[in-house]
Structure formats: structure tokens, C-alpha cells
Amino acid sequence: MEARVVGLLGWIDFTRSLSITTPEQMIEKARGETAYLPCKFTLSPEDQGPLDIEWLISPADNQVVDQVIILYSGDKMYDDYYPDLKGRVHFTSNDLKSGDASINVTNLQLSDIGTYQCKVKKAPGVANKKFQLVVLVKPSGTRCYVDGSEEIGNDFKLKCEPKEGSLPLQYEWQKLSDSQKLPTSWLSEMTSSTISVKNASSEYSGTYSCTVKNRVGSDQCLLRLNVVPPSNKAGLIAGAIIGLLLALVLIGLIIFCCHKKRREEKYEKEVHHDIREDVPPPKSRTSTARSYIGSNHSSLGSMSPSNMEGYSKTQYNQVPSEDFERTPQSPTLPPAKVAAPNLSRMGAVPVMIPAQSKDGSIV
């Protein structure tokens, strides 16, 4: 009976000879930092098989089965199983047989959140432990500003907003300038992201700081509050109205000028292309000249010798320049002799010119 009990106890001790001494735990780290995942183990003389160490990850979304991220087997290390952690996961010890299978995960990302499992096997012993890795984001890019008009008697808000940061976040406001104490109504909001200011006074002016914290880091911003007397709103409104009216007048002038110019261009275009059929064509220069010469010929017959000299000097100078100025000049030809019958057919009237003696008397 004792042999069976001893044998049973011996079998129990034999199966539990290899053990991982590091307790299971949750590890919180900030994004970009390095996470240390411990895994210390002990062996017994009964563990004679080859040493195999394996780390696996179960992502937080639970949509992917456990995947190997790093492996030690046959005295060799392999770390190219999981693409998201390739080059960022390493064993911390150079001699894994010494009992340290811990790893470091560098440059943490939010996608690294999940459950990590350390498995150690040295036949016949086998052991494993799980660790929760939580990656948090430090508060950063915090901005402080005033929401409202900083005038005496007004209500406005002091706001403190980080650009990013994992929840939960804690806020702490402080007044850095002056020795005046904060209003009692503000005390309940000094640990919130917003302070509501009622019926502001000049005593509230000063420099304030807001510190934002979470479990992995903190960030701070400054705010300069300057409470001033109310501005002349009537003057501002009047100036805005005058500016608006001037803008409307200017726009109206621009539209009027453009419309007027468009109408003038349209009118010029219509006049240029308009062909009027009721205007007779201009008389030819030849017919005008002939009519003028004919009229002069007819008047020659009714003139006396005494006015011939003045006629020759004045009448031919009055020939319209419009007809003769543009007529090309032809070479001067000697006057042709015309027979008497031809002159009568041309409408010439015979005129008797008295003869004159050398002394000028009429014969």
C-alpha cells in the first residue's frame, strides 16, 4: 500500500517538476515605450528532453486564434512568425537554459494590446503562464482656451482639452499669477476639464495652468485670462452697417458699369453690321464732274466778255474738292479743236465777242 502511495506521489512530483515561478499579471505601458513580459522557470533532474520555449498572443479583438510571436527550439531562436511584431520582440536573456524566458516588446502600439502566453517545455515537463498587456496613450497636445467674451459681468468658460489620451483622465487647475484666491464657486470644478465663470470681474484676470493626467503620463497647458470692461457695441454695430452699405454701393457700381459697357459694345456691333437699303448709292465722280462742266459751259454762253476774266479766276476755283481732289492727275494735253456742228450738238450757244484794237478800244 505504501509503495502505491509513494509511487503515486512520485508520479505527481514528476509531472510538476518544471514550473514557471512568475505569477500571472496585467502590465500597463504607454504607447511607444517598451514592455517587459517576465517568464522565469525552474527545471528538475527528471527534465531531460530538449528545451522548447514559445510565446503566443491572443489579440484583444479575439478574431484571430493564438499566434506564435517568438520561438526557441533546438538551440535556435525564431522571431518572424507574427508580422505586426516582427523586429520588435526579443528574449531578454542570452542563455535561456538558465531559466529566464522573459521578452521585451519595443515601440508599443495600440494593436499590441492582448493576452500573451509563455510556454516552456522540457520533456517530460510542461508549463505555461498568461499575461495581459494594456497599451495606453499619454495625454498630449493639450489646449487651454476661453469660450466666450472676456468682459466684466459676462459669463464664459475656461476649457482644457487634450488632443489625445487614454481614459480615465484627471484634471487639475491652478492660478499661477497674483495671490488672490479663486472664487468659491470654482472649487468644485478645479478637477474637471471646464470651469464655468459667472459674472466675471477684473479680479479673475491672471495666468492659469491645467494639468491632464492618466495612468501612464501627463500633459500641461497655460491660459492667460484678461477680463476687460465691456466694449462699445453700438459703435461696432454702426461701423459694421456702414461697411456693409459701402460694400453694397461698390458692388452696385461695378454691376452698372459692366452692364453699360456691355450695352455699348452690343450697340456698336449692331450698327457696324447693319446694312440700310433705303440710302441711295453715292454718285460717281465722273458724272459729278461732267454735270459741273456742262453747267459751266451753259453759263459761258450768257456771259459777256467783261466778266470772262473774273469767271476764269473764280468759277474754276470753286470746283468741289470732294470730286477732284481724289481724282488721279492725268498729264496735261493740248486742247482739242471741236468743229462747230459738234459744239451745237453739245449744247453750246454761239456768242459774238467784239474785236479790240491794240489800244483797247472796241472795233
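Keep in mind that this is a model prediction, so the values were computed, not measured. Just so it is clear, the values below take in all heavy atoms, side chains as well, and ignore hydrogens, waters and symmetry mates.
Counting only residues at least two apart or in different chains, side chain to side chain donor-acceptor pair (under 3.5 Å) contacts with residues 81-94 comprise Arg88-Asp112. Screening residues 95-107 for side chain to side chain donor-acceptor pair (under 3.5 Å) gives Tyr36-Ser102, Asp75-Lys97, Asp100-Ser102, Asn107-Gln109 as the qualifying pairs, with residues at least two apart or on separate chains.
Atom CG of Leu56 sits about 7.5 Å away from atom CD1 of Ile69, to the nearest 0.5 Å. Arg262 contributes atom CZ, which lies 12.0 Å from atom CD of Glu264 (distance to the nearest 0.5 angstrom). Interatomic distance, OG of Ser111 versus CZ of Arg31, reported as 11.0 Å (0.5 Å rounding). For the atom pair OG of Ser192 and CD of Gln170, the computed distance is 12.5 Å after rounding to the nearest 0.5 Å. Once rounded to the nearest 0.5 Å, the distance linking NZ of Lys130 with CD1 of Ile20 reads 12.0 Å. Between the CG atom in Asn154 and the OG atom in Ser149 there is a gap of 5.0 Å [rounded to 0.5 Å].
Counting only heavy atoms from C-beta outward, the side chains of Thr207 and Leu223 never approach each other to under 4.5 Å. With a 4.5 Å cut-off on side-chain heavy atoms, Gln117 and Ser58 do not count as touching. Val146 has its side chain out of reach of Lys157: every pair of non-hydrogen atoms, C-beta onward, lies at least 4.5 Å apart. The shortest side-chain heavy-atom distance between Ser209 and Lys175 does not fall under the 4.5 Å cut-off.
With sequence neighbours left out, Val212 forms a side-chain contact (heavy atoms from CB on, under 4.5 Å) with Pro139, Thr142, Cys160, Pro162, Leu169, Tyr171, Cys210.
Leu108 and Val137 fall within the same hydrophobic cluster, where Ile, Leu, Val, Met, Phe, Trp and Tyr residues are linked whenever their side-chain heavy atoms come under 4.5 Å apart, directly or through other members. Under a hydrophobic-cluster definition in which Ile, Leu, Val, Met, Phe, Trp and Tyr are linked whenever side-chain heavy atoms come within less than 4.5 Å, directly or via other members, Val197 and Ile152 are assigned to the same cluster. One hydrophobic cluster holds both Leu43 and Ile53 under the rule that ILVMFWY side chains link at heavy-atom gaps under 4.5 Å. Both Leu225 and Met190 are part of a single hydrophobic cluster, where members link through side-chain heavy atoms under 4.5 Å apart. Val227 and Leu222 are members of different hydrophobic clusters when ILVMFWY side chains are connected at heavy-atom separations under 4.5 Å.
Summarising the geometry of Val120 relative to Cys118, their closest heavy-atom pair is CG2-SG, 4.1 Å, with the distance given to 0.1 Å. Between Ala35 and Leu133, the shortest heavy-atom distance links the atoms CB-CD1, 3.8 Å. The two residues Val216 and Ala30 come nearest to each other via the heavy atoms CB-CB, 3.8 Å.
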I'd like to know whether Leu96 forms a side chain to side chain contact (heavy atoms under 4.5 Å, CB included) with Phe91, so could you lay out the CA-CA distance, the side-chain angles of the two residues, the decisive distance to 0.1 Å, and finally the verdict.
CA-CA 8 Å; Leu96 300 181; Phe91 284 108; 3.9 Å; yes
Please report the C-alpha distance between Leu18 and Thr42 in whole Å, then the side-chain angles of each, then the deciding distance to 0.1 Å, and finally whether the side chain to side chain contact (heavy atoms under 4.5 Å, CB included) criterion is met.
CA-CA 6 Å; Leu18 191 155; Thr42 58; over 6 Å; no
Between Glu33 and Lys138, is the salt bridge (charged side-chain N to carboxylate O under 4.0 Å, His left out) condition met? List the steps.
CA-CA 11 Å; Glu33 294 183 348; Lys138 294 179 180 180; 3.5 Å; yes
Could you walk me through whether Val68 and Tyr78 pass the side chain to side chain contact (heavy atoms under 4.5 Å, CB included) check?
CA-CA 10 Å; Val68 176; Tyr78 307 91; over 6 Å; no
With side-chain hydrogen bond (donor to acceptor under 3.5 Å, both in side chains) as the test, would you mind laying out the steps for Thr211 and Glu172 before giving the verdict?
CA-CA 5 Å; Thr211 303; Glu172 182 181 353; 5.4 Å; no
Kindly determine whether Lys29 and Thr34 satisfy side chain to side chain contact (heavy atoms under 4.5 Å, CB included), including the steps that lead there.
CA-CA 7 Å; Lys29 284 291 181 179; Thr34 297; over 6 Å; no
For a salt bridge (charged side-chain N to carboxylate O under 4.0 Å, His left out) check, start with the C-alpha distance between Glu24 and Lys129, then their side-chain angles and the critical distance, and finish with the verdict.
CA-CA 6 Å; Glu24 294 185 349; Lys129 285 288 179 69; over 6 Å; no
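A side-chain donor from one of Glu161 and Tyr145 sits under 3.5 Å from a side-chain acceptor of the other. Side-chain contact of Glu164 with Ser140: a donor-acceptor pair under 3.5 Å is present, judged by distance alone.
Between Tyr208 and Trp186, the two ring planes are tilted [angle within 30° to 60°].
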